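Encoded as structure tokens, the structure appears first; notes follow it.
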Amino acid sequence: MSANGAADAAVNGDEHAAKRQKTAVTSLHDDHQCVLVLDYGSQYTQLICRRIREIGVFSIMFPGDASMERIKGVNPKVVILSGGPNSVHVEGSPRVPDDFFSYCSEQSIPVLGICYGMQLIVQMLGGTVGSGVVGGEYGRMPILIQPGSRLYSFQDSSKPNVWMSHGDEATQLPEGFQVVAKSEQGAVVAIEHQERRIFGLQYHPEVAHTEQGTDTLRHFLLDIAGLTADWSMAEVLETQLKLIEQQVGPTQHAICALSGGVDSTVAATLVHKVLGDRLHCVFVDHGLLRYKEGERVMDMFTQHLHLPVTKVDHAEVMLDHLKGVTDPERKRKIIGREFIEVFKAFANKMEADLGHKPAFLVQGTLYPDVIESCPPPGSGQKHSHTIKSHHNVGGLPKDLQFKLIEPFRELFKDEVRAIGRLLGVPDA
């Protein structure tokens, strides 16, 4: 997150994150069929989730070593196993629970493995995975589709170009599986077990370099798995409006941390639609804004969006605390801490005016903020490589003193932009 986006920093500690995430997931997917993506550390795993949602199906992402209890808890209608940097034949490599495939068969849940995910299917169901005989395959290259494939029944080309990135390959398939595509080097690049509806792709259908990759995912989700494309931002907007109305009592007030970025701006506009003048937005000048940015942001809030905003000058204090600090993680934690101090002081002032403190804090936390602040299995940590600790996911005081409203915690930025357009928020 940039310094300008740091005002979105209001979040409680990691110990509460799982509980809040569970609530958010439940509220969003109650009325939708859910595709569960298990993450094994691929750089493309978030993109898989986004592609699924673009197709019109709700998706969520769990670490690849999630327990069966957690997997069953979201009642997935499809499970996708992502790629990753590990080798399935190496001891200690991440894998699904031992009873995962039997559970999916019993519940008629289709499974698709991508890259490492395909190799995991092969290895766990009795096949063999070994090092590629030609040292692996990398980059864009054609594959040869075999006749009679259910996965490719929609394809108008028998030799599409796809994006490869693998050093290992399947050398012997489990019983009941058939090869449905090979590379020009002869490596197995697609497999399927039609009866159990288990499929594997050695390449990445989610990336733009793969021809008809999104079409392959759409065919798998809608035609093979039989899901309904009912995920839309218009419905998410209506759901969030109702949830906020339920969460915040008729006389309670909320503070919103505004940065001027799209996430917090759309969150503020959404919550203001429910609370009206019971929402109090705070825009903090932390001393790290671009030239004239403060004036531009305040003009947009007041003149165009008509949001009730108070600008707080905290630049001198913030810069003093950051002086001499070079570690990015420490900087983010300092910025997050200072924002909370500003919000607490603002709440105390509001208490004098209202007779009680605002109980809620609104922020524009996104799904990638949550994902990137956690680690992948096989890294020696829990979950995925920590890309960076976002302010709005961890590192802030445990005694936050606010209840959080995070309407976009399970959404990607392009989805938030779509909601912003529905609410009339300018694109730039």
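Here, residue 1 is the first one in the sequence, and each next residue gets the next number. Quantities reported herein were computed from a predicted structural model and do not represent experimental measurements.
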Can you list the residues that meet the side chain to side chain donor-acceptor pair (under 3.5 Å) rule with [X], with sequence neighbours excluded?
{"X": "D98", "value": "R95"}
{"X": "T326", "value": "none"}
{"X": "T216", "value": "none"}
{"X": "S165", "value": "none"}

Looking at [X] and [Y], would you say the former's side chain and the latter's main chain have a donor-acceptor pair under 3.5 Å?
{"X": "S93", "Y": "V90", "answer": "yes"}
{"X": "S105", "Y": "S102", "answer": "no"}
{"X": "Q33", "Y": "T228", "answer": "yes"}
{"X": "S259", "Y": "G261", "answer": "yes"}
{"X": "Q247", "Y": "E245", "answer": "no"}
{"X": "R417", "Y": "V262", "answer": "no"}
{"X": "Y103", "Y": "I109", "answer": "no"}

Kindly write out the residues that satisfy side-chain contact (heavy atoms from CB on, under 4.5 Å) with [X], not counting sequence neighbours, or none if the list is empty.
{"X": "T128", "value": "T171, Q172"}
{"X": "D277", "value": "none"}
{"X": "S232", "value": "A234, E235"}

* Asked: Counting heavy atoms not belonging to K413, are there more than 12 under 6.0 Å from its NZ?
  -> yes
Measure the spacing between [atom1] of [X] and [atom2] of [Y] and express it to the nearest 0.5 Å.
{"X": "S264", "Y": "F283", "atom1": "OG", "atom2": "CZ", "result": "9.0 Å"}
{"X": "M118", "Y": "I198", "atom1": "CE", "atom2": "CD1", "result": "13.0 Å"}
{"X": "C256", "Y": "L270", "atom1": "SG", "atom2": "CG", "result": "10.0 Å"}
{"X": "F343", "Y": "E341", "atom1": "CZ", "atom2": "CD", "result": "11.0 Å"}
{"X": "L322", "Y": "K331", "atom1": "CG", "atom2": "NZ", "result": "7.0 Å"}
{"X": "I224", "Y": "Q194", "atom1": "CD1", "atom2": "CD", "result": "8.5 Å"}

Is any side-chain heavy atom of [X] less than 4.5 Å from a side-chain heavy atom of [Y]?
{"X": "H321", "Y": "R337", "value": "yes"}
{"X": "L411", "Y": "I419", "value": "yes"}
{"X": "Q155", "Y": "I145", "value": "yes"}
{"X": "L221", "Y": "V35", "value": "yes"}
{"X": "P205", "Y": "V162", "value": "no"}
{"X": "P142", "Y": "L144", "value": "no"}
{"X": "M164", "Y": "I143", "value": "yes"}
{"X": "F301", "Y": "T265", "value": "yes"}

* **Pairs satisfying side chain to side chain donor-acceptor pair (under 3.5 Å), at least one member in residues 116-126, at least two apart** => Q119-Q202
Heavy-atom closest contact ([X] atom, [Y] atom, distance):
{"X": "P97", "Y": "I71", "result": "CD-CD1, 4.3 Å"}
{"X": "V57", "Y": "A229", "result": "CG2-CA, 4.3 Å"}
{"X": "A254", "Y": "L275", "result": "CB-CD1, 3.8 Å"}
{"X": "P110", "Y": "K77", "result": "CD-O, 3.2 Å"}
{"X": "I121", "Y": "L112", "result": "CD1-C, 4.4 Å"}
{"X": "G364", "Y": "D263", "result": "O-CB, 3.3 Å"}

Can you find a side-chain donor-acceptor pair between [X] and [Y] that sits under 3.5 Å?
{"X": "E338", "Y": "H286", "value": "no"}
{"X": "R409", "Y": "T365", "value": "no"}
{"X": "S82", "Y": "S42", "value": "no"}

Which pairs count as salt bridge (charged side-chain N to carboxylate O under 4.0 Å, His left out) when at least one residue sits in [range], sequence neighbours excluded?
{"range": "residues 101-114", "answer": "none"}
{"range": "residues 209-229", "answer": "R140-E211, D215-R218"}
{"range": "residues 170-194", "answer": "K159-E184"}

* To do: Identify the residue among N86, L81, V88, I114 that makes a side-chain contact (heavy atoms from CB on, under 4.5 Å) with Y40.
  => L81
* Asked: Just checking, R53 and F412: is the charged tip under 6.0 Å from the six-membered ring centre and within 45° of the axis?
  -> no
* Asked: When you look at Q185 and M141, which way does the side chain to side chain contact (heavy atoms under 4.5 Å, CB included) test go after all the steps?
  -> CA-CA 10 Å; Q185 299 283 357; M141 59 187 66; 5.8 Å; no
* Over 60° means perpendicular and under 30° means parallel, so classify the ring planes of F346 and H280, tilted if in between. => tilted
* **Working for side chain to side chain contact (heavy atoms under 4.5 Å, CB included), residues E415 and V236** => CA-CA 10 Å; E415 294 175 315; V236 170; over 6 Å; no
* Chi angles and distances behind the side chain to side chain contact (heavy atoms under 4.5 Å, CB included) call for E54, T214 -> CA-CA 9 Å; E54 288 169 6; T214 300; 5.5 Å; no
* **Pairs flagged by ring-ring contact (aromatic ring centres under 6.0 Å, His included) wherever residues 201-226 is involved - sequence neighbours left out** => Y44-H204, F154-H219, W163-H209, F199-F220
* Stepwise side chain to side chain contact (heavy atoms under 4.5 Å, CB included) test for F360 and V271 -> CA-CA 11 Å; F360 296 89; V271 177; over 6 Å; no
